[in-house]
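In what follows, a single structure is set out as structure tokens and then discussed.
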Amino acid sequence: MFTLIKTEGAARRGVLHTVHGDIQTPFFMNVATAAAIKGAVSCMDLRELKTRVALCNTYHLHLRPGSEIVYKMGGLHKFMNWDKPILTDSGGFQVFSLSKLRKIKEEGVYFASHIDGKRLFIGPEESMQIQSRLGSTIAMAFDECVENPAPEDYVRSSVERTTRWLARCKEEMARLNSLPETLNRDQLLFAINQGGTYDKIRIEHMKIIREMELDGYAVGGLAVGEPTEVMYHILDEVIPYAPVDKPRYLMGVGTPSNIIEGVYRGVDMFDCVMPSRNARHATIFTWRGILHATNERYKDDPRPMDTECDCPACRNFSRAYIRHLFKAGEQLAGRLAVIHNLYFYNTLMDRICEALDNGAFTEFRNKYSPLLAEKITDD
RNA sequence: GUGGGUAUGGCUUAGUAGGUUAAAGCGUCGGAUUGUGGUCCCGAAGAUCGUGGGUUCGAUUCCCACUACCCACC
């Protein structure tokens, strides 16, 4: 299921085997919450963007169009016309992001739909059932993502509940995978480590869930308010307790630099809205640092957004044109920027894999971890 | 040529019935964005209020002239 090829310090190079194909690790998942990449980018485009895995969301797809519809349409892969792996998030993040619209109970979470206020209940079983109907490659356990900082007492009791929910998720997923009508009976289930910024709670939790034998282990509840150094510290503390023979997934992270630092600490999988969201806001990631596409100094710049990039947007369009599209409010601006940023992230993972293959990751990290976080200097 | 109108940050305008740091939008620049309730959000810089004179304790505001532009008419 997961093959570890080689390591460099804590960093790992491996392959995750799935029914939808092998995935070289470390990798970055492209976020398509509602079965679509925001910015008018479709799965036709993703094939050109070196996307390895798409990530969709249980809560959002359950509301619209509804998991029954997706099931009827043959599952998420057919629905969005994507035959490579898909990971579905469980709805646990919406417990955090929609905190004003939900109530947590032992049995699960009562939401008021952010669309029309309609009440809906998602507990561990419901989340598994929805994800099973979606037929994703990897399902995530239903958890509570707690904001940072949060009181230690609350975090502790929340984590204990998340552990109880994990047991229910695992049992329900096993039941669903045994049913003949289930779309993907090889659906994998990943556990999620929580514990806020308290390393003791984090470690205790990881020790408990590693004994529960899930297909992969995620670290959740990071990059939700705490300083970056705290996130790195938590990873330093908790990753050593994750199983060596299972993939590790740092949820919702992050900047190119965060990803390099995550790999350095032994993480294999990432996802983040940052490449797409920032692109829509005209912030472009390049191999020479961050570029603000609307800056006036690009008004007559014939160079591509990233001079070291061969993505479809950089092969075809100048900074002057992209800037014009943004200033004119053309949707094409966001689309081309998203295409570039996703390609950049996916290429970043290619280069991280390549560096690990060559035993050159440390060198890679030393150069790019700081560089990619800075503003571009190529004038 | 005649009559009328307008001149306020890069742009489009508000405003002061004369009174301490002239307002807004856009633009510019910066920050933010991390398992997507974000065509968004926050901030900064930037104006001797067309030029010259006059009235006044005090003028961006009132008066005169000039200049530029706009409209109408010849």
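First the proteins, then the strands, lettered A, B, ... as listed; each starts at 1.
Distance check on atom C1': B/C69 versus B/U8 gives 16 Å, rounded to whole Å. Of the P atoms belonging to B/C40 and B/G50, the separation is 33 Å, rounded to the nearest Å. Using atom C1' as the reference point in both B/A22 and B/A14, the two lie 10 Å apart (nearest Å). A gap of 32 Å separates the C1' atoms of B/G54 and B/U12, to the nearest Å. The separation of B/U48 from B/G9, taken at their P atoms, amounts to 8 Å, rounded to a whole angstrom. Between B/G15 and B/C71, the two C1' atoms lie 25 Å apart (nearest whole Å). Comparing the P positions of B/U56 and B/U61 gives a spacing of 16 Å, expressed to the nearest Å. B/C49 and B/C26 have their P atoms separated by 25 Å, given to the nearest Å.
Of all nucleotides present, none satisfies the Watson-Crick or G-U wobble test against B/A45 with each distance under 3.5 Å. Across the strands present, B/C40 finds no partner; the criterion is a Watson-Crick or G-U wobble pair with both atom distances under 3.5 angstrom. Nucleotide B/G35: unpaired (no Watson-Crick or G-U wobble partner with both distances less than 3.5 Å). The base-pairing partner of B/U2, taking Watson-Crick or G-U wobble contacts with both distances under 3.5 Å, is B/A72. Pairing of B/C66, defined by two Watson-Crick or G-U wobble distances under 3.5 Å, is identified with B/G50. In this structure, B/G25 and B/C11 make a Watson-Crick or G-U wobble pair, each of the two defining distances being under 3.5 angstrom.
Residue A/Lys375 places its side chain closer to B/G30 than to any other of B/U28, B/G30, B/U34. When the nucleotides B/U36, B/G37, B/G27 are ranked by their closest atom to the side chain of A/Leu98, B/G37 comes out on top.
Under a 4.0 Å N-O distance rule, the pair A/Glu237/A/Arg202 does not qualify as a salt bridge. Salt bridge present: A/Arg12 and A/Asp268 bring a charged side-chain N and a carboxylate O closer than 4.0 Å. A salt bridge links A/Glu261 and A/Arg265; the closest N-O separation between the charged side-chain nitrogens and carboxylate oxygens is under 4.0 Å. The pair A/Arg161-A/Glu106 fails the salt-bridge criterion, with no side-chain N (NZ, NE, NH1 or NH2) lying under 4.0 Å from an Asp/Glu carboxylate O. Ion pair A/Arg156/A/Glu152 flagged as a salt bridge, since at least one NZ, NE, NH1 or NH2 atom sits closer than 4.0 Å to an Asp/Glu carboxylate oxygen.
Within 4.0 Å of A/Asn278, counting heavy atoms only, lies at least one base atom of the nucleic acid. Among the protein residues, A/Gly334 comes within range of no part of the nucleic acid, since none of its heavy atoms lies under 4.0 Å from any strand. Base contact: A/His281 has a heavy atom under 4.0 Å from a base atom. Residue A/Ser276 is classed as a base contact, given a heavy-atom separation below 4.0 Å to a base. No contact: A/Lys100 has no heavy atom under 4.0 Å from any strand. Using a 4.0 Å heavy-atom criterion, one finds that A/Ile115 contacts no nucleic acid atom at all. Residue A/Arg335 is classed as having no contact, given no heavy-atom separation below 4.0 Å to the nucleic acid. As judged by a 4.0 angstrom heavy-atom cut-off over every strand, A/Asn57 is placed among residues touching the sugar-phosphate backbone only. Base engagement by A/Gln194 is indicated by at least one non-hydrogen atom pair under 4.0 Å involving a base atom. In this structure, A/Gln331 reaches neither bases nor backbone, as no heavy-atom distance under 4.0 Å exists between it and the strands shown. The residue A/Asn258 sits close to a base: some heavy atom pair falls under 4.0 Å. Within 4.0 Å of A/Leu250, counting heavy atoms only, lies no atom of the nucleic acid at all. No engagement by A/Lys299 is indicated, since no non-hydrogen atom pair under 4.0 Å with the nucleic acid exists.
The nearest whole Å value for the distance from the CZ atom in A/Phe28 to the P atom in B/G35 is 8 Å.
Judged by distance alone, with hydrogens and angles left aside, A/Ser97 brings no side-chain donor or acceptor close enough to the base of B/U36 to form a pair under 3.5 Å. A/Arg277 contributes a side-chain N or O that forms a donor-acceptor pair with the base of B/U36 under 3.5 Å. Side-chain to base pairing of A/Thr283 with B/U33: one donor and one acceptor N or O lie within less than 3.5 Å of each other.
Considering A/Asp378, A/Asp306, A/Asp300 in turn, A/Asp378 is the only one that fulfils the salt bridge (charged side-chain N to carboxylate O under 4.0 Å, His left out) rule with A/Arg319.
Phosphate proximity of B/G37 to A/Arg64: absent, as no side-chain N or O sits under 4.0 Å from OP1 or OP2. In this model, the phosphate group of B/U39 is not approached by any side-chain N or O of A/Lys38 to a distance below 4.0 Å at OP1 or OP2. Within the 4.0 Å cut-off from OP1 or OP2 of B/U36, not a single side-chain nitrogen or oxygen of A/His60 is found. Under 4.0 angstrom from either OP1 or OP2 of B/U28 there lies no side-chain N or O belonging to A/His292. A sub-4.0 Å separation between OP1 or OP2 of B/G35 and a side-chain N or O of A/Gln94 is absent. Taking only side-chain nitrogens and oxygens, A/Asn295 comes nearer than 4.0 Å to OP1 or OP2 of B/C29.
When atom types are taken as modelled, the side chain of A/Thr283 and the backbone of A/His292 share no donor-acceptor pair closer than 3.5 angstrom.
In terms of heavy-atom proximity, A/Pro312 sits nearest to A/Leu49 at CD-CD2, 4.0 Å.
If you find the closest nucleotide of RNA chain B to A/Gly329 and to A/Val146, the one lying nearer the 5' end belongs to A/Val146.
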